[in-house]
Amino acid sequence: MIDFNKELYFKTDKFKVLLDRYEKSTSQGEPFYLDPEDLTDIAEYYQYHECDEKALSTIDRAIYTFPSAVEPLLFRSRYALLRENDVEKAKYYAQQIIDTSDYDYKYLHAEILIHEGKPEEADEYLRMGVDDLSPRERADYVYDVVNLFLDYDALDCARKWIELIDDKSGKDYRETSARCYLLNQEYSQAEELYMQLVDQDPYSTYYWTQLTASQYLNGKISEALQSSEFALAIDSQCEDALLAKANCQFTLGQLADALDFYHRYSALRPNDGYVESLIGSTYVKMNNLEEALTHYNKAILLANSDRSLFIDISKQKALLLSSMGQRDKALLVIEDCINTAKNNIADLHVIKGYIYMDAGETDEGLRQFETAITLSDNDPFIIYQIGTACYDNGEYDLAYDALRRITIENQDDAPIDGWAYYAACCAKMGRADEFLYALRKGCEANPAEVSIVFSNILHPNIPFTDLYEFIKNKFIK
């Protein structure tokens, strides 16, 4: 994971000169000495720009030349962990680090434990020796640990470490707390803290883009758009701000403008398969399906080294092909994903069911849904996906049964997803009382879903707080 300061370093003249000399030396075979830290920075730059082959070639050179250097081994281990999803390979490189008291080694060891599903064990490991640190060292260490847990969405562990912070009035504490609020979907609290932070440091593009995220996720799309523009006024090449502005424009229905900013982002990050897929999705919204397909195909090629992203984009492509009446091609795409993934394939069977339903083959669609439920051991999220698939295909009775199962009949688990679709089913079926109850629950638990499901009757910038009354008044006269 590249931190914001490293992104800024990549833009400096110092790094650009370093990269230029390195690339000339490798292409022309001229000797040029670089220390392991510089080689690791270059590898991180290549990875950041999705040039994985160059990143691995550079880091392998660093490890060969400096076999005991910490930085290249850290990079290679994290790459194995995060990009290759290979815990054993990550451990292999980590075990080559001689100084196991080094903080970065400790963070890496903890990351491996978290990746193995052992966050509590990572927490215990990181606590060893913390009381022996000086006050300054302890403060830095605690913030590093908090941010590590937040990077992996381990919110409970992060909050335990936040309690160890003594100075709760400083900028670092507010920044860390804002990240916690954002991760816990407490967007108003996050927005308030990021507003304080931009007041304190108005030239920080990082704070402006984080403020954009909190506003966007809280349904304040126009405010988020404005915040992204402040970030771009500071740095017109800020990639996060370009992407954030494009997302805001997409949500507001400003599709041509959104395309412009997605393309501006892609000019800086031409190997980013995720954003290429967003361009495809924008063309879908514009009903330019052939162009959308072109961009999905390009996105899949770019995402080939990231299996999770590859499968996500392939699912979008399959649904697009289905909507174009190309059932057989759509099914082939999903079969390829099933063969690639091998496990955790329940959601792919939901997509297959959707494709069959879309082609009018309801019985085969239902068989695929039954397979998905069995493979997932009745996972509520899989049932939610089935419910939405049935809803999208006009099978409202089937959607109603599935969505009721994960909402009304599952309230002990405080469900977040599904209320909006359940409310929409009730509206279609004339169940007025159930509709109002489900709508209110949806507005409380997941207003973003409500705004998506009822987007055909909402104006793009309606505040989440107004959703319930607005939609109720549209349906209940």
Going through the distances and angles, do Trp419 and Leu403 end up as a side chain to side chain contact (heavy atoms under 4.5 Å, CB included)?
CA-CA 8 Å; Trp419 287 109; Leu403 294 164; over 6 Å; no

Would you check, one step at a time, whether the test side chain to side chain contact (heavy atoms under 4.5 Å, CB included) holds for Tyr141 with Val145?
CA-CA 6 Å; Tyr141 181 75; Val145 172; 4.0 Å; yes

Under the salt bridge (Lys or Arg N to Asp or Glu O under 4.0 Å) rule, what do Glu434 and Arg431 come out as? Steps first, then yes or no, please.
CA-CA 6 Å; Glu434 284 184 76; Arg431 297 173 177 267; 3.0 Å; yes

Can Gln215 and Gln226 be said to form a side chain to side chain contact (heavy atoms under 4.5 Å, CB included), step by step?
CA-CA 10 Å; Gln215 291 169 328; Gln226 186 177 48; over 6 Å; no

Can Leu211 and Glu223 be said to form a side chain to side chain contact (heavy atoms under 4.5 Å, CB included), step by step?
CA-CA 9 Å; Leu211 176 60; Glu223 291 91 332; over 6 Å; no

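Using a distance-only test at 3.5 Å, with no hydrogens or angles considered, a donor-acceptor pair links the side chain of Asp167 to the main chain of Ser169. Thr176 places no side-chain N or O within donor-acceptor distance of the main-chain N or O of Tyr173, the cut-off being under 3.5 Å. Between the side chain of Glu449 and the backbone N or O of Gly418, at least one donor-acceptor pair lies under 3.5 Å. Formation of a donor-acceptor pair under 3.5 Å by the Ser455 side chain with backbone atoms of Ile452 is found in this model. No donor-acceptor distance shorter than 3.5 angstrom exists from the side chain of Trp208 to the backbone of Tyr194, with no hydrogens or angles considered. A distance-only check finds no donor-acceptor pair linking the side chain of Asp336 to the backbone of Leu332 [under 3.5 Å]. Using modelled atom types, one side-chain atom of Asn147 and one backbone atom of Tyr143 make a donor-acceptor pair closer than 3.5 Å. Using a distance-only test at 3.5 Å, with no hydrogens or angles considered, no donor-acceptor pair links the side chain of Asp86 to the main chain of Ala80.
Side-chain contact annotation: Tyr296 with Ser314, donor-acceptor N/O pair under 3.5 Å absent. Tyr274 and Asp312 share no side-chain donor-acceptor pair at under 3.5 Å. A donor-acceptor pair shorter than 3.5 Å cannot be found between the side chains of Tyr468 and Glu444. In summary, the side chains of Glu44 and Tyr9 do not present any donor paired with an acceptor at a separation below 3.5 Å, with no hydrogens or angles considered. His115 and Glu111 share no side-chain donor-acceptor pair at under 3.5 Å. A side-chain donor-acceptor contact under 3.5 Å links Tyr216 and Thr251. Looking at Asn393 and Glu395, their side chains never bring a donor and an acceptor atom within 3.5 Å of each other. Asn247 and Tyr262 share a donor-acceptor pair across their side chains, judged by distance under 3.5 Å alone. At a cut-off of 3.5 Å, with distance as the only test, no side-chain donor of Tyr207 or Asp201 sits close to an acceptor on the other residue. Counting only N and O atoms by type, the side chains of Tyr181 and Glu191 include no donor and acceptor under 3.5 Å apart. Checked by atom type, the side-chain pair Ser322/Asp358 shows a donor-acceptor distance below 3.5 Å. If you check the side chains of Asp306 and Ser308, you find no donor sitting under 3.5 Å from an acceptor. Side-chain contact of Glu364 with Gln368: a donor-acceptor pair under 3.5 Å is present, judged by distance alone.
Close placement of the Tyr396 and Tyr391 rings is indicated, their centers lying within 6.0 Å of each other. Annotation: Tyr45 is not in aromatic contact with Tyr48 [ring centroid separation under 6.0 Å not met].
Heavy-atom contacts from other residues, nucleotides or ligands closer than 6.0 Å to OH of Tyr107 number more than 12. Annotation: Tyr125, atom OH; neighbour count of heavy atoms from other residues, nucleotides and ligands within 6.0 Å is above 12. Heavy atoms of other residues, nucleotides or ligands lying less than 6.0 angstrom from CG of Asn456 number more than 12. Within a 6.0 Å radius of CG in Asn378, other residues, nucleotides and ligands contribute more than 12 heavy atoms. Heavy-atom neighbours of Glu53 CD from other residues, nucleotides or ligands within 6.0 Å: at or below the threshold of 12.
A tilted orientation is assigned to the rings of Phe475 and Phe435, their planes being inclined by 30° to 60°.
Within the 4.5 Å cutoff, the side chain of Glu84 has no heavy atoms near those of the Asp52 side chain. Considering only heavy atoms from C-beta on, Leu458 comes within 4.5 Å of Ser451 through its side chain. For the pair Met429 and Asp397, the minimum side-chain heavy-atom distance is below 4.5 Å. By the 4.5 Å heavy-atom criterion applied to side chains, Cys443 and Val450 are counted as neighbours. In this structure, the side chains of Asp272 and Glu239 stay at 4.5 Å or more apart for every pair of heavy atoms. Two residues are said to be in side-chain contact when any heavy atoms from C-beta on lie closer than 4.5 Å; Glu121 and Glu116 fail this criterion. The side-chain heavy atoms of Leu301 and Asn297, taken from C-beta on, include no pair separated by under 4.5 Å. Counting heavy atoms from C-beta outward, Asn287 and Leu289 have side chains that approach closer than 4.5 Å.
In this structure, Arg127 does not pair ionically with Glu124, as no charged nitrogen and carboxylate oxygen lie closer than 4.0 Å. The pair Lys352-Glu335 meets the salt-bridge criterion, with a side-chain N (NZ, NE, NH1 or NH2) lying under 4.0 Å from an Asp/Glu carboxylate O. Using a cutoff of 4.0 Å between basic side-chain nitrogens and carboxylate oxygens, Asp260 and Lys245 are not scored as salt-bridged. Looking at Glu120 and Lys160, a side-chain N of the basic residue comes within less than 4.0 Å of a carboxylate O on the acidic one, giving a salt bridge.
For the pair Glu175 and Leu197, the tightest heavy-atom approach, listed with the atom from each and the gap, is CA-CD1, 3.8 Å. Considering every non-hydrogen atom in both Pro270 and Leu302, the closest pair reads O-CD1, 3.7 Å. In terms of heavy-atom proximity, Thr205 sits nearest to Cys238 at CB-SG, 4.0 Å. Here the shortest heavy-atom pairing between Ala420 and Phe454 reads O-CE1, 3.8 Å. Taking both residues in full, the closest heavy atoms of Ala122 and Ala110 are given as CB-O, 3.7 Å, listed atom of the first, atom of the second, then distance.
Relative to the six-membered ring of Tyr356, Arg367 misses at least one condition, a distance below 6.0 Å or an angle of at most 45° to the axis.
Rounding to the nearest 0.5 Å places CH2 of Trp161 at 5.5 Å from CG of Leu126. Once rounded to the nearest 0.5 Å, the distance linking CD1 of Ile383 with CG of Asp417 reads 13.0 Å. Put simply, CG on Asp401 and CD1 on Ile386 are 12.0 Å apart, with the number rounded to the nearest 0.5 Å. Once rounded to the nearest 0.5 Å, the distance linking NZ of Lys220 with CD1 of Ile462 reads 14.5 Å. Within the model, atoms CZ of Arg159 and CG of Asn184 stand 4.5 Å from one another, a figure rounded to the nearest 0.5 Å. Going from atom SG of Cys157 over to atom CD1 of Ile162 covers 11.5 Å, rounded to the nearest 0.5 Å.
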